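Shown next, in structure tokens, is the structure this report addresses.
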Amino acid sequence: MADMRAFRDAVTSWARGGPEGPARSLAESLGARTAVLLEGLSDLAAVEALATRRGRDLAAEGVCVVSMGGAMSVGRYAGLLGPPGLGLRLTGLCDEGERGFYERALTRAQAPLQDIHVCAADLEDELIRALGTAGVEEILRAEGDFRAWQTFQRQPAQHGRPRHQQVRRFLGTKKGRKIRYGRLLIEALAPDRTPPPLDGLFARL
């Protein structure tokens, strides 16, 4: 049976100049109704982890979660997946600094702006604030990254920076770390501490 991952791959290929047919065919066979537009893979990991935690089978609900590879691609994906293309409802997360890209893209795609939920800096920032730096450090210790974290803190560039900013920067210093911790930070959250942008996203799915 075709699955939502195959649809996501077909959409990515289409966005990169590949054929439209496979994505359109899969959208119809899967009953796709909503596309969640995310900037990167760490956001995707967090959203999928929260769906699992809440007992949501997004694929069965016709929801495709898409990592676009950066905010600059939102115009392309909104045009392909939204009313001008496959006609799916568009929702998603964006960073405050990228809000303008999303607003222009959704306006062109004739999609509601209120369905995009804005993170203060980015999703990692939201999750770190929700957990607190001490909570994140507990996860770093459990994952065997605490010594690397302490070494990072001693770097001259980190002297005088707030610990919250240090943690956020540390998560991006090694390939794959942000993706792994996107899932781990979600799993460590108390149910009532989910950041508002994520809560808002799931409330409207």
Side-chain angles (χ1 to χ4, degrees), residues 1-95 98-119 122-123 126-127 179 182-183 186-187 189 191 194-205:
M1 179 186 297
D3 60 19
M4 201 61 78
R5 186 179 298 274
F7 174 57
R8 186 162 64 199
D9 291 343
V11 167
T12 300
S13 173
W14 185 18
R16 293 174 179 172
E20 170 187 351
R24 186 171 292 278
S25 176
L26 285 166
E28 293 173 358
S29 66
L30 292 168
R33 60 176 182 83
T34 299
V36 180
L37 304 180
L38 303 174
E39 292 189 27
L41 292 172
S42 61
D43 299 334
L44 176 65
V47 168
E48 289 185 334
L50 186 57
T52 299
R53 183 168 182 175
R54 293 188 173 185
R56 299 280 299 272
D57 185 344
L58 296 182
E61 296 173 27
V63 178
C64 179
V65 185
V66 179
S67 169
M68 302 181 296
M72 297 292 287
S73 297
V74 65
R76 177 68 172 158
Y77 278 86
L80 297 181
L81 296 172
L86 298 184
L88 307 185
R89 173 175 168 257
L90 301 180
T91 185
L93 297 171
C94 78
D95 303 345
E98 315 295 353
R99 184 200 290 258
F101 292 116
Y102 278 71
E103 289 180 345
R104 290 189 291 273
L106 267 68
T107 297
R108 287 196 301 271
Q110 304 171 8
L113 298 177
Q114 66 265 27
D115 284 343
I116 297 296
H117 304 272
V118 182
C119 300
D122 56 22
L123 184 54
E126 295 278 356
L127 292 171
I179 299 171
R183 174 180 56 81
I186 287 289
E187 292 173 349
L189 279 176
T194 305
L198 273 176
D199 246 352
L201 173 68
F202 273 78
R204 295 180 64 84
L205 286 179

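Keep in mind the model is a prediction, meaning the values are calculated, not measured. Heavy atoms only: backbone and side chains are in, while hydrogens, waters and symmetry mates are out.
- Atom CD1 in Ile116 sits 5.5 Å away from atom CG in Leu37 (nearest 0.5 Å).
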request  = List the steps and the verdict of side-chain contact (heavy atoms from CB on, under 4.5 Å) for Leu58 and Met4.
outcome  = CA-CA 9 Å; Leu58 296 182; Met4 201 61 78; over 6 Å; no
key: Pair Leu38-Leu123, side-chain contact (heavy atoms from CB on, under 4.5 Å): steps then yes or no   = CA-CA 10 Å; Leu38 303 174; Leu123 184 54; over 6 Å; no
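- Taking all atoms of both residues into account, the shortest heavy-atom contact from Asp199 to Arg54 is OD1-NH2, 2.5 Å.
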ask   = Could you walk me through whether Tyr102 and Leu113 pass the side-chain contact (heavy atoms from CB on, under 4.5 Å) check?
value = CA-CA 8 Å; Tyr102 278 71; Leu113 298 177; over 6 Å; no
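- Here the closest non-hydrogen pair linking Arg76 and Ala15 is NE-O, 3.2 Å.
- For the pair Ala71 and Phe101, the tightest heavy-atom approach, listed with the atom from each and the gap, is O-CB, 4.2 Å.
- We find that Arg8 and Glu48 are joined by a salt bridge, their nearest charged nitrogen and carboxylate oxygen being less than 4.0 Å apart.
- Crowding of Arg5 atom CZ: a count of heavy atoms from other residues, nucleotides or ligands under 6.0 Å not exceeding 12.
- Residues passing the side-chain hydrogen bond (donor to acceptor under 3.5 Å, both in side chains) test with Glu103, sequence neighbours excluded: none.
- Nearest heavy atom pair, residue Pro197 against residue Glu126, reads CG-OE2, 3.7 Å.
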message = Using the rule given for side-chain contact (heavy atoms from CB on, under 4.5 Å), can you reason through Val11 versus Leu26, listing the C-alpha separation, both sets of side-chain angles and the distance that settles it, and then say yes or no?
response = CA-CA 10 Å; Val11 167; Leu26 285 166; over 6 Å; no
Would you tabulate the side-chain donor-acceptor contacts of residues 80-95 under 3.5 Å, counting partners in other chains and residues two or more places apart, or write 'none'?
residue, atom, partner, partner atom, Å
Arg89, NE, Asp115, OD2, 3.4
Arg89, NH1, Arg204, O, 3.0
Arg89, NH2, Arg204, O, 3.0
Thr91, OG1, Asp115, O, 2.5

